[in-house]
Structures are given as C-alpha cells and as structure tokens.
Amino acid sequence: MTSPPGRDDDGSAAESRPLVCDRCGTSAGTLADGPPLTWTCSVENGVRRSFCETCSRENLRSIEGRLDSDWW
C-alpha cells in the first residue's frame with residue numbers, strides 16, 4: 001500500500017529531510033518537496049530507496065528485472 005504524497009508510512013507529515021540518491025549521493029531538495037519526476041523510487045527489503053535520473057537510466061534493465069540495487 002502506498003502513502004499519499006507528502007506523508008510517511010505512519011501517516012505523519014513528511015519531514016524536511018534532504019532527498020539523496022541511494023546509489024551516487026546526488027541531492028534533489030527535500031522530501032517535503034517530493035522527488036523529481038525523473039527519479040525512481042523502489043522498496044528493497046522493506047526500505048524505500050530513491051535513485052536519481054542518471055542512476056535510473058544507467059540501470060534501467062536491472063530495475064525492470066526487479067533486481068535489488070546491490071546487484072547493479
């Protein structure tokens with residue numbers, strides 16, 4: 001089940017934490033602003049991970065094959 005935009009899993013409002021690519025470390029503002037449309041979000045082992053446009057494009061086949069980012 002997904003949460004509405006701007007809300008965490010517990011239903012509270014999103015914090016102003018920085019949004020950072022979990023692969024390369026690129027920053028894209030804060031979680032309160034929401035991720036850019038070109039970023040990819042994935043849940044791996046119960047943890048939500050975000051990937052920037054560059055990392056998403058470079059690993060598109062692995063993402064579509066539902067491989068965990070550890071395999072990229």
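Side-chain contact between R49 and T40 is absent, with no heavy-atom pair separated by less than 4.5 Å.
Considering OG of S56 and CD1 of I63, their distance stands at 4.5 Å, rounded to 0.5 Å. Atom CD in E53 sits 10.5 Å away from atom CG in L37 (nearest 0.5 Å).
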Could you walk me through whether N59 and R23 pass the side chain to side chain contact (heavy atoms under 4.5 Å, CB included) check? CA-CA 11 Å; N59 298 288; R23 183 153 179 86; 3.7 Å; yes

How far apart are the C-alpha atoms of R48 and C41, what are their side-chain angles, what is the distance that settles it, and do they pass the side chain to side chain contact (heavy atoms under 4.5 Å, CB included) test? CA-CA 7 Å; R48 182 175 288 184; C41 181; 3.4 Å; yes

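Nearest heavy atom pair, residue W39 against residue L19, reads CZ3-CG, 4.0 Å. Of all non-hydrogen atoms in C55 and C21, the two that sit nearest each other are SG-SG, 3.8 Å.
At distances below 3.5 Å, not a single donor-acceptor pair connects side-chain atoms of D22 with backbone N or O atoms of F51.
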